[in-house]
Amino acid sequence: MLGLPDGVRGCLFDMDGVLTRTATVHAAAWKATFDAFLRQRAGQTGDAFVPFDEVSDYDRYVDGRKRLDGTRDFLASRHITLPEGTPDDPPDALTVHGLSNRKNALVKQIMDRDGVEVFPGSLRYLQAVERAGLRRAVVSSSANTARVLSAAGVAGFFEARVDGEVAERRDLAGKPAPDMYLAAARALGLAPSEAAVFEDALAGVAAGRAGGFAVVVGVDRAGQADALRENGADIVVTDLADLLEPR
Ligand SMILES: O=P(O)(O)OC[C@H]1O[C@@H](O)[C@H](O)[C@@H](O)[C@@H]1O
């Protein structure tokens, strides 16, 4: 009925792009941040300005990863090294923290302006999972998870939350490492073989595969079903409600 293998006792959900329509907000904020930075840098070095690609650069370097990891990984893909800086760097500081703070200020601005939408199919699926008595955790790299879940009105579904803030505090490696998912399974008292992972990011399905979970469900919002399978998804759906349909 939930489209999951027998023996699954809990569900571990990524948030941005799986539960809430916020992956596009992150992609837009990353693009605005990196493009402003790259344009300024091109003006100084005389190199051509090559913009951040909202689809391919987003997928490969920032989607599903902790904010600072995303900044570092994208800059490394352009062979750019910036000083790390410190967490309280202002948004115009040319440091890893400065760029990350700039991106976060934009994310908050867009979310405050537009609100946060839960995918209707994800809401139906969460309700069905709760009715079935399965355990539920959210596992997101975002440090804004608590705020987004409550703005979307779905915070009450989750018994455990392992997010960007928790990962920072407990020094957990970010996705594609499995550590955040493993911590969430432990918090629910489940072995990985008893838990299902739901992910839309390539780094996220890779984390699910690396953790040895019962099943990794890839949620394809962007026409990348093959890449999700190659990176670790066992099943790919375009919406969580697809799992509820009789098979
Ligand atoms: O910047 P935040 O809210 O802490 O989120 C970190 C990352 O969280 C992930 O869920 C998103 O896929 C990334 O795009 C985002 O950058």
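For the numbers below, each heavy atom of this structure counts, side chains included, while hydrogens, waters and symmetry mates do not. Both counts, for ligands and for their atoms, begin at 1 and track the order of listing. Keep in mind that what you see is a predicted model, and the values were worked out from it rather than measured.
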Shortest protein contact, [atom] (heavy atom only):
atom	value
atom 15 (C) of ligand 1	His26 ND1, 3.6 Å
atom 8 (O) of ligand 1	Ser142 N, 3.6 Å
atom 10 (O) of ligand 1	Asp16 OD2, 2.7 Å
atom 4 (O) of ligand 1	Ala143 N, 2.7 Å
atom 14 (O) of ligand 1	Tyr58 OH, 2.8 Å

Discussion item. With a cutoff of 4.0 Å, is Arg65 in contact with ligand 1, counting heavy atoms of the residue only?
Written reply: yes
Practice prompt. Consider ligand 1: state whether an atom of it lies below 4.0 angstrom from any non-hydrogen atom of Gly64.
Written response: yes
Would you call [X]-[Y] a salt bridge at under 4.0 Å N-O?
X	Y	answer
Arg135	Glu194	no
Arg147	Asp112	yes
Asp73	Arg65	yes

Worksheet item: Does NZ or CZ of Arg136 lie under 6.0 Å from the centre of the six-membered ring of Phe157, at an angle within 45° of the ring axis?
Response: no
Practice prompt. Check whether NZ of the Lys or CZ of the Arg Arg221 lies under 6.0 Å from the centre of the six-membered ring of Phe119 and within 45 degrees of that ring's axis.
Written response: yes
Discussion item. Could you tell me, atom by atom, which parts of ligand 1 come under 4.0 Å of a heavy atom of Asn144?
Written reply: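 The atoms of ligand 1 under 4.0 Å from a heavy atom of Asn144 are 2 (P), 3 (O).
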Discussion item. Closer than 4.0 Å to some heavy atom of Asp63 - which atoms of ligand 1 meet that?
Written reply: 12 (O)
Practice prompt. Give me the ring orientation class for Phe52 and Phe34: parallel if the planes are under 30° apart, tilted from 30 to 60°, perpendicular past 60°.
Written response: tilted
Item to complete: Determine, considering heavy atoms only, which of Lys66, Glu199, Arg67 sits nearest to atom 1 (O) of ligand 1.
Response: Arg67
Item to complete: Check whether more than 12 heavy atoms from other residues, nucleotides or ligands sit under 6.0 Å from atom CD of Glu168, and answer yes or no.
Response: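 Counting neighbours around CD of Glu168, 12 or fewer heavy atoms of other residues, nucleotides or ligands fall under 6.0 Å, so no.
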Item to complete: Among Thr71, Asp89, Leu82, find the one that has a side chain to side chain contact (heavy atoms under 4.5 Å, CB included) with His97.
Response: Asp89
Discussion item. Is the contact between Val62 and ligand 1 made by the side chain, the backbone, both, or neither, using heavy atoms and a 4.0 Å cut-off?
Written reply: backbone
Worksheet item: What part of Lys103 sits under 4.0 Å from ligand 1 if we count only heavy atoms: the side chain, the backbone, both or neither?
Response: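 Contact part for Lys103 vs ligand 1: side chain (C-beta onward).
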Discussion item. Centroid separation under 6.0 Å, is that true for the rings of Phe198 and Tyr125?
Written reply: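 Yes, the ring of Tyr125 comes within the 6.0 Å limit of the ring of Phe198, centre to centre.
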Worksheet item: Short N/O distance, under 3.5 Å, between Asp14 and ligand 1?
Response: no
